[in-house]
Structures are given as C-alpha cells and as structure tokens.
K.L.:
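Take a look at the following structure, please.
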Amino acid sequence: MNVEKTARTKRKPHAELRKTALSAAELILVEEGLGAVTARRVANETGCSVGTLYNIFGHLDGLIGEVNLSTFRQMAEEASRTIRDLPESAGREERLAALARMYLNFARTHRNRWTAVFEHRPQGPADQRIQNAEQLLFARIISAAGIDPTGANQAEADSLRMLLAAIHGVVTFAINRTIPPADAERYVTLIVQAGLRGYREMVDEGLL
C-alpha cells in the first residue's frame, strides 16, 4: 500500500470507512451490476487497502450482503407505502395486485439491485439479517392479504408463497425481456386474481 493511501486510511475511523465503502459498492452495483463489485475496486474507491476492507466487513460477501440488506429494506418500505396509498376499502385481491405491480416496478427501476439479491451466493453461512429481512417483507405481504403473520395456518402461508413464486417468475421473465413490459403488469395482476380465486375454491372443496 502506498504512503498516500496509508495516510488517508489513518485519517478515517472505521465507521466512516464503512459508510464510504458501502456507498462505493452500492454505486458500482447499481451502475454496472454485481460482477463489477470487487474488493480491490471498492477499496480503491474508498481510499483504503483490501485488508482494511476485509477487517471491516469480514469478506466481500459481507459487503455485498450489506448492500442486499439495504435492497430488502427498500422493498419492505415500498410495500408499506403501496398499502398506505390504497383506499381503506381495498380488498385482499386489490392489495395483493398492487404489491405485485410494485414488485415488478421495483425490479424494473432497480434492476441491478434486484438481480444482485438473487444472484449473489455467499461462500460462508447465510446472513441471518438478510433472512430476517426476507421474513419481514413476507410478513408485510401476508398482512396485506388480511392474514395474521403470527397466526396464519400452513395452507394459507403455502398458498401465498406459491402465488409470490409465480409473480417472481413473471418478473424474472420481464427483466430478462422474455415478456414484453406491457404484458408483464397484466400477467402479475391475473396471477393474483387466479391464485386467490383458486385458493377459495380449494378451501370450499376441502382440499386445503
């Protein structure tokens, strides 16, 4: 490490370096995608050594995990905002359709962020905070469906997970340009309608 970089690093406390490194990694990821985020590049943008970066985050996975955690928080905030903006009279189908469209639009608007969440495969154990963020996002969605997250029965939870998986599939196709943008929004709305009506029929028939 050169003398100039050593001096810059010494002047910055770890808290400031951490914040600067996260901002640098986030900017690289948003503008160029996950593959462009390397420890050496982030260290250079931050003005520290790779070793210092690893001391702060443990490893590159830790740094990318922090960025992905921020993405999950943004999605959770968008989900809450989407529900707040709906009229109080909105039913389960309308709320879930609005959330499905929000998810599609988030992926379109923040494509590299959204893709990184699903493309990044940590070498070590999964980050519990990210798992918690995923659970929080799911809890907000099932709450929007009128289901108590703490009291949902297994059939309700499973049916909603299958519904979300189908929506995620459409969003993935849309992001990969397999489905035209105009069709994607219509498809996710139809999936919600078909999924909820199918669930009701299965309940009525005693299958769930």
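Note that the structure is predicted; figures quoted are calculated from it, not measured. Residue numbers start at 1 and run along the sequence shown.
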K.L.:
Please give me the minimum heavy-atom distance between A100 and I167, naming the atom from each residue.
P.N.:
CB-CD1, 3.7 Å
K.L.:
Supply the atom-to-atom distance T178 OG1 to D183 CG, rounded to the nearest 0.5 angstrom.
P.N.:
12.0 Å
K.L.:
Can you find a heavy atom in the side chain of E94 that is under 4.5 Å from one in the side chain of P87?
P.N.:
yes
K.L.:
A side-chain contact here means heavy atoms from C-beta on lying under 4.5 Å apart; do L163 and L96 qualify?
P.N.:
yes
K.L.:
Report yes or no: do L34 and V67 belong to one cluster of Ile/Leu/Val/Met/Phe/Trp/Tyr joined by side chain heavy-atom distances under 4.5 Å?
P.N.:
yes
K.L.:
Check the side chains of N105 and R108 for a donor-acceptor pair under 3.5 angstrom, ignoring hydrogens and angles.
P.N.:
yes
K.L.:
Please examine the side chains of R41 and V37, heavy atoms only from C-beta on, and report whether any two atoms are closer than 4.5 Å.
P.N.:
no
K.L.:
Could you check L22 against F57 for side chain to side chain contact (heavy atoms under 4.5 Å, CB included), going step by step and ending with a plain yes or no?
P.N.:
CA-CA 10 Å; L22 278 173; F57 295 98; 3.9 Å; yes
K.L.:
Quick one: does S70's side chain have a donor or acceptor within less than 3.5 Å of a partner on E66's backbone?
P.N.:
no
K.L.:
Taking the side chain as C-beta and beyond, is there a heavy-atom pair between L164 and F138 under 4.5 Å?
P.N.:
yes
K.L.:
Minimum heavy-atom separation for V42 to T46, with atom names?
P.N.:
O-OG1, 2.6 Å
K.L.:
Do N112 and E31 come within less than 4.5 Å of each other through their side chains, counting heavy atoms only?
P.N.:
no
K.L.:
Evaluate the ring planes of W114 and Y103, with Trp represented by its six-membered ring, and classify them as parallel (under 30°), tilted (30 to 60°) or perpendicular (over 60°).
P.N.:
perpendicular
K.L.:
Considering non-hydrogen atoms only, spot the tightest contact between V171 and A107 and give its length.
P.N.:
CG1-CB, 3.5 Å
K.L.:
If only atom types and distance count, is the side chain of R40 paired as donor or acceptor with the main-chain N or O of V50 below 3.5 Å?
P.N.:
no
K.L.:
State yes or no: do V188 and I175 share one hydrophobic cluster built from I, L, V, M, F, W and Y residues joined by side-chain heavy-atom distances below 4.5 Å, directly or via other members?
P.N.:
yes
K.L.:
Just how far is it from atom CZ of R92 to atom CG of L160, taken to the nearest 0.5 Å?
P.N.:
8.5 Å
K.L.:
Any chain of hydrophobic side-chain contacts (each under 4.5 Å) joining I179 to I191?
P.N.:
yes
K.L.:
Quick one, L53 and L17 - any side-chain contact, counting heavy atoms below 4.5 Å?
P.N.:
no
K.L.:
Which atoms form the tightest heavy-atom contact between A97 and V192, and what is the distance?
P.N.:
N-CG1, 3.8 Å
K.L.:
To the nearest 0.5 Å, what is the distance between OG1 on T38 and CG on L60?
P.N.:
7.5 Å
K.L.:
With a 4.5 Å cut-off on side-chain heavy atoms, are H110 and T71 touching?
P.N.:
no
K.L.:
Assess whether atom CZ of R111 is packed by more than 12 heavy atoms of other residues, nucleotides or ligands within 6.0 Å.
P.N.:
yes
K.L.:
Could you grab the distance from atom CZ of R81 to atom CZ of R84, nearest 0.5 Å is fine?
P.N.:
6.0 Å
K.L.:
Could you tell me which non-hydrogen atom of R129 sits nearest to which non-hydrogen atom of L69, and how far apart they are?
P.N.:
O-CD1, 3.6 Å
K.L.:
Around F173, counting heavy atoms of other residues, nucleotides and ligands shown, do more than 12 lie under 6.0 Å from its CZ?
P.N.:
no
K.L.:
Hey, could you give me the CD1/OG1 distance between I56 and T20, rounded to the nearest 0.5 Å?
P.N.:
9.0 Å
K.L.:
Would you say that L136 contacts F72 through its side chain, given a criterion of any heavy-atom pair below 4.5 Å between the two side chains?
P.N.:
no
K.L.:
Do V117 and I130 belong to the same hydrophobic cluster, where Ile, Leu, Val, Met, Phe, Trp and Tyr are linked whenever their side-chain heavy atoms lie under 4.5 Å apart, directly or via other members?
P.N.:
yes
K.L.:
Do F118 and L137 land in one hydrophobic cluster if side-chain heavy atoms of ILVMFWY residues count as linked below 4.5 Å?
P.N.:
yes
K.L.:
Kindly give the heavy-atom pair with the smallest separation between L86 and R95, and that separation in Å.
P.N.:
CD1-CA, 3.7 Å
K.L.:
Between CE of M75 and CE of M102, what distance do you get to the nearest 0.5 Å?
P.N.:
8.0 Å
